[in-house]
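Every number for a ligand or one of its atoms is a count from 1 in the order of the listing. Residue numbers start at 1 and run along the sequence shown.
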Amino acid sequence: MPTHAPFIPVQPPRTADWVPGWRGLFGERLRNTIYGWPEPAFDEFYRKRRILGFTVHIVTDPDMVERVLLGNKENYLRPRIAQRILSPLIGNGLLSAEGEDWKKQRRIVAPTFAPGAVAKMSATIAAVAARQTGDWLRGTIRTDMACAATDATMHIIADTLFSSDARLTTRAAGEHIDNLVLASGQARISTILGLQDLDISPVMARARRGRVYLRSTLTALVRERGPTGGADDFFGGLIRSLYEQFPAAQAEALAVDNAITFYVAGHETTANALAWTMYLLAAQPWLQEEARAEAVMALDGDIETLADRLPLLRQILDEALRLYPPAPRFDREAQTADQLGNAEIAAGDLISLWPWVMHRHRKLWDNPDAFDHTRFATDAKARLHRFQYLPFGGGQRVCVGARFAIVEALIILAHWLAARRFSLPADFVPYPMGTVTLRPKGGMWLQMEPI
Ligand code: HEM
């Protein structure tokens, strides 16, 4: 078998050393959370920073992360500042709730995302992917695969969870979500400064319009369905259970909050994972051929177990989620004082967890910036620390849609690879842009041609 030089995929520039925290309030550092990370961050496991009056502990030691997310999880809740940023959009839905409210909501949705239930959605997922590839123009064309990914994942969320409601797959809905994602960095700073309603910049104005659009669209959907849930789908079951367990007014509000949460969180992250996986496959044609052969074989068989017959593609997807974690950062706030390793944590301090940094940390991975899917071969994967690889978070707040996302991504990738050959145009270099998610700025423009 021919050997190939390791492929080093793109990343934004780093700096030689740490820069003062205020630099993050301006320019590219404000817009892009993964821009300008200092080299030492990829060697050390802990750093304390003061940013806009907050004490922030950047923790990348897997043992310390384990204590935050699992060992002492009651002490580390979603930060109040994050709730303030998110609550106008997703209220008190699963992603932002705490305590009993969170537990009840998690119990309501968990059965939908259990492995058996997800396997049953495979046919719906495959139908969307097959329809999409069937619509692709023949000939050699340049296509934005990030856009194709969003198109597929948006339709899949609408078809699997919301009985294909057409209002969720309009162009306008997609544009509003784009605007919200793009504004998330700036929204964070405005909220910290208490200026969120005064920020009249075009970016924030567009984001506000997006929020109003999503809330009014999803509120209309919930009201049409009524307390009985209307249909026998995820959304209907969610509404019915909420009305059973919460007072009516709260149930209606939570139905809207969760509809937005699952609609947005359920497609944006997976779309990014797909776009970056396609970049890695386009840049390594030999690997793409192997993955294609596996996909073609796997597609010829039982649909519910399709995702399980793609072990190579699964390794490639895992490696894509390492190199480009779609949620590059998430945070917690300490409720009381604690000791994390040698670090003293005070009540109110923020703990900043960075899959982006941990996944490229030199003490955690060999040759961390190089692509190597064999890191996720069964034996090697079993040797990883449970909290060194966190594309879906960890502990009790681990992503409830993780299995759904993996099955969905594998099925889409299999269809794409079986339908077309993809290559990286010589004049195109993607640019990773970290906001609340990790998107290829300006798209993922690949060349595709018939097999
Ligand atoms: C590749 C795709 C995905 C990635 C990388 C991802 C990542 C994450 C991460 C890192 C968290 C934890 C955040 C934290 O602890 O603060 C999370 C939570 C969550 N994700 Fe995902 N996610 C993905 C797909 C999905 C899908 C498909 C859905 C729904 C259909 C979903 C719904 C949620 C929800 C509701 C939560 C909050 C869970 C809770 O707090 O109990 N995600 N996700």
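- Aromatic rings from His361 and Phe42 are positioned such that their centres are separated by 6.0 Å or more.
- Relative orientation of the His267 and Tyr263 rings is tilted, given thresholds of 30° and 60° on the angle between their planes.
- Nearest heavy atom pair, residue Ile412 against residue Ala152, reads CD1-CB, 4.0 Å.
- Listed by chain and number, the protein atoms of type N/O/S under 2.8 Å from atom 21 (Fe) of ligand 1 are Cys399 SG; waters are omitted.
- Using a cutoff of 4.0 Å between basic side-chain nitrogens and carboxylate oxygens, Glu100 and Lys104 are not scored as salt-bridged.
- Screening residues 389-407 for salt bridge (Lys or Arg N to Asp or Glu O under 4.0 Å) gives Glu98-Arg397, Asp308-Arg403 as the qualifying pairs, with residues at least two apart or on separate chains.
- Interface of Phe113 with ligand 1, defined as ligand atoms under 4.0 Å from a residue heavy atom, comprises 30 (C).
- Phe234 and Phe113 have perpendicular rings, their planes meeting at more than 60° on a 0 to 90° scale where under 30° would count as parallel.
- Atom 12 (C) of ligand 1 has Arg397 O, 3.7 Å as its closest protein atom, hydrogens excluded (heavy atom only).
- Proximity annotation for atom 35 (C) of ligand 1: of Thr160, Asp331, Leu94, Leu94 comes nearest, heavy atoms only.
- Each of the following atoms of ligand 1 lies closer than 4.0 Å to a heavy atom of Pro326: 5 (C).
- Taking the ring axis of Trp365 as reference, the NZ or CZ atom of Arg362 does not stay both within 45° of it and closer than 6.0 Å to the ring centre.
- Annotation: salt bridge (Lys or Arg N to Asp or Glu O under 4.0 Å) contacts of Arg78 (sequence neighbours excluded): none.
- Backbone and side-chain nitrogen or oxygen atoms of Arg78 are examined, and one is located within less than 3.5 angstrom of a nitrogen or oxygen of ligand 1.
- Here's the thing with Thr270: none of its N/O atoms is less than 3.5 angstrom from an N/O atom of ligand 1.
- Residue, atom and distance of the protein heavy atom nearest to atom 37 (C) of ligand 1 are Leu95 CD1, 3.3 Å.
- Scanning all protein heavy atoms for the shortest distance to atom 5 (C) of ligand 1 gives Pro391 O, 3.3 Å.
- For CZ of Phe376, the number of neighbouring non-hydrogen atoms (other residues, nucleotides, ligands) closer than 6.0 Å is greater than 12.
- The aromatic rings of Tyr324 and Trp276 sit parallel to each other, their planes meeting at less than 30°, with 60° as the upper class boundary.
- Within ligand 1, the atoms closer than 4.0 Å to a non-hydrogen atom of Trp102 are 39 (C), 40 (O), 41 (O), numbered from 1 in the order shown.
- Residue-to-ligand polar distances place Arg332 within reach of ligand 1: an N/O pair is separated by less than 3.5 Å.
- If you look at Phe162 and Phe235, their ring centroids are closer than 6.0 Å.
- Every residue two or more places apart in sequence or in another chain was checked for a salt bridge (Lys or Arg N to Asp or Glu O under 4.0 Å) with Glu304, and none qualifies.
- Atom numbering of ligand 1 starts at 1 in the shown order; those under 4.0 Å from a heavy atom of Phe404 are 27 (C).
- The protein heavy atom nearest to atom 38 (C) of ligand 1 is Arg106 NH1, 3.4 Å.
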